[in-house]
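After the structure tokens below, expect a handful of questions from me.
In what follows, chains carry the letters A, B, and so on, assigned in the order in which the sequence lines appear, proteins first and then strands, with residues in each chain numbered from 1.
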Amino acid sequence: MLDSAMAALASLADPSLLIMLLIGTVAGLIMGLIPGLGGTGAVAILLPITFGMEPPQALALLIGALAVVHTSDTVSAVLLGAPGSASASVTMLDGYSMAKKGQAARALTLAFLSSMAGGIIGAIGLTLAIPLARPLVLSFASPELFMLTVLGVALAAVLSRGNIIKGVSAGLLGLILGMVGTSPTTAEERFTFGSLFLGDGLSLVAVALGIFGLAEIASRASQRRGQKETITLGGGWGQGIREWLTHWTQVIRGALIGIWAGVLPGVGATAGTWLAYGQAVATAKDKRQFGKGDPRGIVGPESANNSVEAGDLIPTLLFGIPGGVPSAMLLGMLLTYGIQPGPSIITEHLDLMYLIVWSFAIASILGALFCFLSVKQLAKLTKVPFAVLAAGLVAVMLLGSFQEGGQLGDLWIMIILGIFGWLLKSTGFPRAPFLIGFVLAIPLERYYFLTDSLYEGFDWMARPGVLVFLAILILPMIWAFMKFIRARRKTNLDDGHRDEQPEDDEAPLKNSTWSLVASGIFALAFAAALISSASFSPEARLVPQLVSIGGLVFSGILLFIEIRTRLRAKAGRAGWTLDAGFALKTFVWMTGFLALTAVFGYLIAVTIFIPAFLLVVARARLKVAIIYTGVLYIVLLALPSLLPIDLPQGWLNTLV
Amino acid sequence: MTSSKSSLEPPGTSREGSVGQTEQPDPPKHSRRTVLAAVGAFALLGTATTVLGGSLLNPPSSTEDGDFSGETLEFLIPLASGGGTDTWARFIGTELTNYVPGRPGFAPVNEAGGEGILGTNRFARSAKTDGTELLVGTASTVVPWVLGRSAVKYSFEDLKPVVVNGTGGVIYARAEAGVAGLQDLINRDTPLEFGGISATGLDITTLVAFDLLEADVTSTFGFEGRGPVNLALQRGEIDVDYQTTSAYASAVAGIAKEGKAVVLMSFGQLNDAGEVIRDPNFPDVPTVAEAYETLHGKKPSGEKYEAYKTLLGLTYTYQKGLWVPQETPENAYRLLRESSEKLGTDPGFQEKASKVLGGYPLVADSGVADRVRDAYTVSSSVRSYVTGLLADKYNIHVE
């Protein structure tokens, strides 16, 4: 065994292999940087290049890319508050808060080092887990997988910043949104109102970029000046590494959770990253800083989301069941070389297995090193006025989201969800549970249904795995509920101090007419879901009805609290603030951009929107606006020929 | 974005150093004339490019010139990755692109959902008609079309088959559930649990086989794919499963060797006369027809057997195919079909394919479209039997 491991390492000394690994790593890093592309994009672009290569070269190229995508996707989550993947939304909680305090470099350093460690531990885990993989996978039956999805949504709801009722409501609404489309059990269409477009379900990229990305842009586009002082790493990299080292137990725990979650096909990755965050919060003595820039909130999840990719390779190689699209493409590549995945791969292709392990570890180190070296440059991005960045970000995000389905409808959905995301953010609703609920809705329903039909009554509840998950699920809830009760009691004692953090700059519109409206929207949405699900077949309506009844209860409580607050504080807060006005104006700009795209096509829309936005909203210098638009114009001209990227076509294009 | 960074305050200058935390005033507004001039100029540039240089932005397909160079063949795989169809499509795609003149790139795209209906609907609605986008057709999408389900928004009559390929499969059971051989399928105390994806997909052939054999089986549907069903069987959640030939090696062979699973029968293949014969990949495994004889002591016949044979042809012998929209230019279509034919007859490919696909022939001759149309015709008695079976036994009313 050791011989093959060493032989595989020696083969990596071959320059052609090293070059492939390097190309893969760089490509993976770049694709990770662009919100919306990520691992799928990286592998999709590299895959055609591998044709005609020898298997080791091709593997080095793809593994190189796969290993580092989650290293660089942190950048947009931390700096811009726009997570490109569902799991990056975890790092965003603390990383983005830290960056807004001017500590972007610190957040990125912690994240990159953790990614590297996660990758290395993942590679070691991959080696060690090979003999254990089969019992591990087989010990997780439908009830455990169901509990895992529930746990993912619940942890996100409980642990996100903001109050727990809002978190649960947001998670439940995310679940409902995720059920738009075809039911996994009966293949009938739900909540589609007869629309073919909605029949496909909503695109994850559009939802994630809308609810986080566009919402962030709208609330910050009024910043015409950049952050002036960035808190540099006093003492340089040395201190960053030292700080990171003090969290080494979090790194290891996060990585182990990640491997385990990756091994379970289907639901693992997203839920796993949240579990890593959950355990970091649960085991911390002082929990107050979580969500406001606690380094532990970055280290654990960031370590986990890299080791997930390593864990994911285990079912891919040993069972031929990939956990995600990137590993599915890797699987396809192996098959074309006549390498049949299955338990026998260990005996027949041990050298390739070790090559994968080594490539993964080396790419993790290389990727983190590249990112680490560019931290200072990346952190400078926060010096650029956000309004100036916003123009390009809108264009890039809409283009990225268009690539998945090639439908303008996705972009409209994205803007609508952007407005909704802004409302959630401003009124103190956590958005992470909403996104996690959206991602896990279908697996949750599927495994609930299978559990229900394959097990007698509630026998499945007594399975040891389920009991463990139930304990993890219920204990923090009790804890949070106690906290809530205590907070309420305090409120009753001294009226007027309802908010424990009145200076909550994250949620300026809390306890205003806006939050009343938001609660109303929640209640309405759940009621509408409940009513329209009545027409589904019994199997297809069970889960949506349970979710919407739960949602009605929670949003009812919210509405009650809101109305009571409104009645008590007669003067109340201003309903229409300057920021709210600016945010809504920004959405009008985005809508205008999309309307221009629909009529004239993407290129013309960009050449009108970018300079106009830069000059009118951002008030950038004329020179900046001209160079900015010029560069973007050239990039857009070159892009369709270089990458498999399509520009949205407008009505005008059909005429030409 | 690089331009904006460099043209703003260079990192070295620190003229704002003393300002510190205090709010900075917003930059002054631009005059309306500046804005209009700049926006107007760029709008003009954009319009000019769109109108004049449309070919640059959206390189026109050059698939009719007998050459696919610079193009990418996109395979729409309407099912989740990792299953039999996915494996098949990726293998064929990678090989085929080497045989198409100009060696186009290959991009497999999985659009899973609604048992393959969603992805196929999407293809029918918005696929490119220049021959660069191909649909991977499979039983999961063919069966609902044959049954006339309302969710189906596509028709195979609007598509042209480039190449079709058969597959086979085996039905196997978990040994611990008390199955040692065919006899254990009938007269059971507790019925066996079959794990399925959806009764109106590829599973239908297995369900008809169970009905024909009068096997004591109950079913649970809703699994994500055959891979997860196989795992569920190994976990003991379900008792009976089937796997197609390409997944047999990784999913069934191992556990059968360990004695954890028992291979019961193969689906068989249809020969030219329309009779069920043994599958060349499972020469030692009895077919469903032989299993009937073993269990009931006579040759199978009647409407159930007719339905089984129709479905066998539709879902196995002609199961998988690559399709392009009917509007695809004849030149591009012929190029793809002839390349596939060349691929199918290449001894080197046949050798490689025997490992991955199990050596079912790749059919892409000039008569392929007609033969597929014949196979894709279902008699009304078969149709009414199948819909009746679904309604009576599984409470599924095909709408």
Side-chain angles (χ1 to χ4, degrees), chain A residues 44 48 51 137-138 141-142 182 184-185 187 189 196 199-201 224-225 228 266 320-322 325 328 331-332 335-336 338 340-343 380 384 388 392 446 449-450 453-454 601 603-604 607-608 611-612 615-616 619 622-629 631 637 640-641 644 647 652-653 656, chain B residues 1 3-5 7-8 11 16 19 24 26-30 34-35 38-39 42-43 45-47 49-51 54 56-59 72 81-82 87 90-91 94 105-108 110 113-115 117-118 121-122 125 151 153 198 220-222 224 227 231 234-235 237 249-250 254 352 355-356:
Chain A
F51 298 132
V137 170
L138 293 183
S142 308
T182 305
T185 51
E189 300 198 344
L196 278 180
D200 296 358
R224 298 185 173 116
R225 292 283 180 189
K228 281 311 158 202
I321 300 172
V325 180
L331 182 71
L335 287 166
T336 60
Q340 182 78 40
K380 274 185 199 146
V384 180
V388 171
R446 179 192 309 283
F449 177 79
L450 289 178
S453 23
L454 293 175
L603 191 75
I604 297 181
T607 53
I608 294 174
L615 294 173
V616 176
R619 295 187 194 162
L622 188 60
K623 197 177 87 184
V624 174
I626 290 176
I627 298 176
Y628 197 130
T629 319
V631 169
L637 275 190
S641 320
L647 302 186
L652 182 71
N653 302 81
V656 179
Chain B
M1 231 150 283
S3 66
S4 66
K5 204 161 66 185
S7 52
L8 282 155
E16 76 282 353
V19 182
Q24 301 232 338
D26 275 347
K29 273 191 183 177
H30 288 281
T34 322
V35 176
V39 174
F42 274 113
L45 179 66
T47 315
T49 323
T50 308
V51 175
L56 234 174
L57 287 180
N58 301 289
T72 298
S81 35
T87 307
R90 284 164 194 275
F91 180 73
T94 317
F106 172 53
N110 291 80
E115 323 139 48
I117 296 175
L118 289 189
N121 276 346
R122 212 278 290 146
R125 191 164 68 241
K153 309 282 198 291
S198 157
T220 292
F221 301 98
E224 208 176 349
L231 287 181
Q234 295 191 45
R235 285 194 294 254
E237 287 189 306
S250 63
K352 233 192 278 182
K355 263 190 213 150
V356 184

- Does any heavy atom of chain A fall under 4.5 Å from the side chain of B/Thr220, the backbone, both, or neither of them?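 Just its side chain gets close to chain A.
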- Query: Between B/Phe42 and A/Ala625, which heavy-atom pair has the shortest distance, and what is it?
  - Reply: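 Heavy-atom minimum between the residues: CE1-O, 4.4 Å.
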- Query: So which heavy atom on A/Phe449 is nearest to which on B/Phe221, and how close?
  - Reply: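 A/Phe449 and B/Phe221 have their closest heavy atoms at CE2-O, 2.9 Å.
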- Query: Which pair of heavy atoms, one from B/Glu237 and one from A/Ala141, lies closest together, and at what distance?
  - Reply: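 Heavy-atom minimum between the residues: OE2-CB, 3.2 Å.
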- What distance separates A/Leu615 CG from B/His30 NE2, expressed to the nearest 0.5 Å?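 Going from the CG atom of A/Leu615 to the NE2 atom of B/His30 covers 5.0 Å.
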- Task: Grab the two heavy atoms, one from A/Ile604 and one from B/Thr47, that are nearest each other, plus how far apart they are.
- Result: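 Closest approach of A/Ile604 to B/Thr47, heavy atoms only: CD1-CA, 3.5 Å.
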- Query: Can you name the closest pair of heavy atoms from B/Ala38 and A/Leu622 and give their distance?
  - Reply: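 Residues B/Ala38 and A/Leu622, closest heavy atoms: CB-CD1, 4.1 Å.
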- What's the shortest heavy-atom distance between A/Ile608 and B/Ala43, and which atoms?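 A/Ile608 and B/Ala43 have their closest heavy atoms at CG1-CB, 3.4 Å.
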